[in-house]
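In this text the structure is predicted, and so the values were computed from the model without any measurement. For reference, positions follow the sequence shown, starting with 1.
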Amino acid sequence: MRKASRVTKVKRSPGPGLTLRQKKELAVLAAMPDDQIDTSDIPELPPGAWKDAVRGRFYRPVKQAVSMRLDADVVAWLKKRGKGYQTRVNSILRQTMMTDIKRT
């Protein structure tokens with residue numbers, strides 16, 4: 001028996017648009033050369049601010065449901081370590097893909 005899934009729908013509204021004044025200010029800024037824009041109210045970052053930065057830390061690839069036919073012994077091998085065998089398949093395929101990409 002399947003568990004009933006809980007789906008929560010949230011409506012997003014775009015919010016109020018920019019005012020005519022804001023649009024004019026943005027147009028003036030866009031027309032200015034970068035060196036003439038006053039950035040004195042933006043603090044400088046210290047030299048080590050980015051030393052621990054990690055690219056793609058919050059990136060989560062879009063998942064796509066697929067159906068594939070695998071040999072029974074392969075599925076048994078994947079499942080013998082418990083839950084998460086589909087994640088393991090994805091990890092194995094991703095490692096293979098990245099190795100192949102680096103090679104080419």
Side-chain angles (χ1 to χ4, degrees):
M1 182 184 244
R2 293 181 72 181
K3 287 184 179 179
S5 63
R6 294 182 191 174
V7 177
T8 304
K9 292 187 179 184
V10 178
K11 287 188 177 184
R12 289 187 173 178
S13 60
L18 295 174
T19 64
L20 186 60
R21 180 179 174 199
Q22 290 170 327
K23 289 178 183 179
K24 286 180 182 178
E25 286 180 19
L26 288 174
V28 169
L29 280 173
M32 264 188 210
D34 287 347
D35 60 345
Q36 290 184 3
I37 298 173
D38 179 22
T39 58
S40 61
D41 60 337
I42 303 170
E44 291 281 329
L45 288 175
W50 296 101
K51 74 178 177 83
D52 294 325
V54 177
R55 178 175 281 201
R57 182 180 207 170
F58 300 106
Y59 169 72
R60 295 191 55 119
V62 176
K63 302 288 184 183
Q64 180 177 356
V66 296
S67 174
M68 34 180 5
R69 299 186 66 76
L70 303 172
D71 295 336
D73 59 336
V74 173
V75 175
W77 175 76
L78 288 164
K79 286 184 172 183
K80 81 177 179 186
R81 290 178 51 198
K83 282 186 167 185
Y85 78 96
Q86 291 171 324
T87 302
R88 281 191 289 282
V89 169
N90 190 70
S91 178
I92 291 166
L93 291 173
R94 177 167 293 284
Q95 287 173 356
T96 305
M97 177 186 76
M98 297 307 286
T99 301
D100 186 59
I101 288 171
K102 286 178 185 175
R103 232 183 298 144
T104 57

Under 4.5 Å between side-chain heavy atoms, counting indirect links through other Ile/Leu/Val/Met/Phe/Trp/Tyr residues: same cluster for Ile92 and Leu70 or not? no
Consider only side-chain heavy atoms of I, L, V, M, F, W and Y, link residues closer than 4.5 Å, and tell whether Leu18 and Val28 are in one cluster. no
Sequence neighbours left out, what passes side chain to side chain contact (heavy atoms under 4.5 Å, CB included) with Lys79? Give chain and number order. Val75, Tyr85
Return the set of residues passing side chain to side chain contact (heavy atoms under 4.5 Å, CB included) with Pro33 (not counting sequence neighbours), or none when no residue passes. Asp35, Gln36
For Leu45, enumerate each residue passing the side chain to side chain contact (heavy atoms under 4.5 Å, CB included) test, keeping only those at least two apart in sequence or located in another chain. Ala49, Trp50
Sort and list the pairs that fulfil salt bridge (charged side-chain N to carboxylate O under 4.0 Å, His left out) and have at least one residue in residues 14-24, not counting sequence neighbours. Arg21-Glu25
Could you pull out all residues at least two apart from Val74 that satisfy side chain to side chain contact (heavy atoms under 4.5 Å, CB included)? Asp71, Leu78
Any pair with a residue in residues 93-103 that passes side-chain hydrogen bond (donor to acceptor under 3.5 Å, both in side chains), sequence neighbours left out, goes on the list, sorted by first then second residue, please. none
